[in-house]
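Below is one structure, written out as structure tokens; the observations come after it.
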Amino acid sequence: RSSLDVRMLARILTTEQEGMVCRLYKEGARTANLGRQFGVNPHVILDCIDRQNIPRQGYYRYTCDHAAFDLPMTPEKAYWLGMLMSDGYVKVDKRGAAVLGISLHARDTVHMQTYRTFLRSTHPFYIDRKPTYTPPGYAVALHIRSDRLTQAVAQFGIVPRKTWIGEAKLVASDRHFWRGMIDGDGSVWCTPRFLPRLSLVGTERLMQQFAAFVQTHFPRIKPPVVQR
């Protein structure tokens, strides 16, 4: 072992430094990079992680902007929050790490690439066969392990099991949020008399919020909320 390695391994992190290491590690930082940043051997970083009972998250080959959904709000953030509310999900993987994911039909791969660019992500797409599609086809998914991202989107209502309990928070009056929702779970169609109609699918609470948003801008329209 080189003298430099010995000196780095012998160093002990302060309590404040250990807190910073744990936070950065959960946000996706690699142990080797943390070792260089704090001037210690990567094994010291792993010992710190283990003492705090943080699940090891493996070798991080991919990066992204973990602050992408931090406030302040922007139209682009609001739009992708709408997409996540419709086609995204939050879960815990087998390693105990929080995951923010989104899955779209394979024909929307270009849109997924736009989302990945927004996150400044280097994560790969996953391709899944979806026999439930009509006709059967493939879905493109993007999964990112990040406590900071999942905590950030939670304040807007994007939480585990949102399919049953989804409710917009802080963005219910943002037109860009609803634009994202409509792109994800909305549709435009015509009646037999060729009258255009806009439909949106979601939880009852979400649809009530959307109806209120529409009435705010078009008081004469009273969109019905129908259970299916």
Side-chain angles (χ1 to χ4, degrees), residues 27-28 55 57-58 60-70 75-169 171 174 176-189 198-207 209-210 228:
E27 291 178 2
Q57 299 176 6
Y60 277 88
R61 292 171 292 172
Y62 311 115
T63 60
C64 74
D65 179 8
H66 293 272
F69 289 108
D70 288 1
E76 190 175 18
K77 288 182 186 180
Y79 172 82
W80 290 117
L81 286 169
M83 284 293 299
L84 287 170
M85 182 64 83
S86 60
D87 290 316
Y89 43 87
V90 174
K91 65 179 183 178
V92 176
D93 68 9
K94 61 183 179 181
R95 298 178 180 178
V99 176
L100 177 63
I102 186 171
S103 178
L104 298 179
H105 196 285
R107 63 173 174 259
D108 296 319
T109 300
V110 173
H111 205 45
M112 286 286 283
Q113 291 171 340
T114 304
Y115 172 65
R116 186 166 61 178
T117 299
F118 163 73
L119 291 177
R120 291 189 287 179
S121 166
T122 61
H123 294 70
F125 291 138
Y126 295 92
I127 309 298
D128 294 322
R129 180 167 175 77
K130 294 292 185 179
T132 56
Y133 281 176
T134 306
Y138 293 87
V140 178
L142 182 67
H143 302 154
I144 297 178
R145 291 200 301 267
S146 172
D147 284 346
R148 184 166 181 177
L149 280 176
T150 54
Q151 290 169 5
V153 299
Q155 66 184 318
F156 304 108
I158 300 167
V159 295
R161 301 182 67 250
K162 68 173 179 57
T163 301
W164 295 275
I165 62 174
E167 176 182 359
K169 298 179 179 179
V171 288
D174 193 313
H176 299 288
F177 170 78
W178 293 114
R179 185 165 57 89
M181 274 285 297
I182 291 169
D183 274 1
D185 280 336
S187 60
V188 177
W189 50 282
L198 170 66
S199 296
L200 183 62
V201 178
T203 64
E204 182 176 7
R205 177 56 185 151
L206 262 176
M207 296 304 95
Q209 290 178 300
F210 179 61
R228 293 182 177 179

Please find the pair of heavy atoms, one from [X] and one from [Y], that lie closest to each other, and give the distance.
X	Y	value
S103	A139	OG-CB, 3.5 Å
C64	L149	SG-CD1, 4.1 Å
V99	R145	CG2-CG, 3.7 Å
A168	L206	N-CD2, 3.7 Å
D87	G184	OD2-CA, 3.3 Å

Q) Can you tell if the side chain of V188 reaches within under 4.5 Å of the side chain of L198, non-hydrogen atoms only? A)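 A side-chain contact exists here, since the closest heavy-atom pair is under 4.5 Å.
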Q) Do the non-hydrogen side-chain atoms of M181 and F210 ever get within less than 4.5 Å of each other? A)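 Counting from C-beta outward, M181 and F210 never come under 4.5 Å.
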Between [X] and [Y], is there a donor-acceptor pair closer than 3.5 Å when you use the side chain of the first and the backbone of the second?
X	Y	value
Q155	A152	yes
K162	G88	yes
T203	G166	yes

Gap between atom [atom2] of [Y] and atom [atom1] of [X] - 0.5 Å precision:
X	Y	atom1	atom2	result
R148	L100	CZ	CG	14.0 Å
S121	L142	OG	CG	5.0 Å
E204	Q209	CD	CD	11.5 Å
F125	L104	CZ	CG	9.0 Å
R120	H66	CZ	NE2	11.0 Å
Y89	I158	OH	CD1	13.5 Å

Q) So among T109, I102, V110, which one has a side-chain contact (heavy atoms from CB on, under 4.5 Å) with V140? A)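 Of the listed options, the one satisfying the test is T109.
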Q: Would you sort out whether L200 and W178 count as a side-chain contact (heavy atoms from CB on, under 4.5 Å), showing the intermediate values?
A: CA-CA 10 Å; L200 183 62; W178 293 114; 4.2 Å; yes
**Q.** salt bridge (charged side-chain N to carboxylate O under 4.0 Å, His left out) partners for R205, two or more places apart
**A.**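 Per chain and number, R205 pairs via salt bridge (charged side-chain N to carboxylate O under 4.0 Å, His left out) with E167.
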Give the table of side-chain donor-acceptor pairs shorter than 3.5 Å for residues 75-85, with sequence neighbours excluded, one pair per line with atom names and distance.
from : atom 1 : to   : atom 2 : distance (Å)
K77  : NZ     : D70  : O      : 2.3
K77  : NZ     : P72  : O      : 2.9
Y79  : OH     : H111 : NE2    : 2.7
Y79  : OH     : D183 : OD2    : 2.5

Q. What residues, two or more places apart in sequence or in another chain, satisfy ring-ring contact (aromatic ring centres under 6.0 Å, His included) together with F69?
A.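 Per chain and number, F69 pairs via ring-ring contact (aromatic ring centres under 6.0 Å, His included) with F118.
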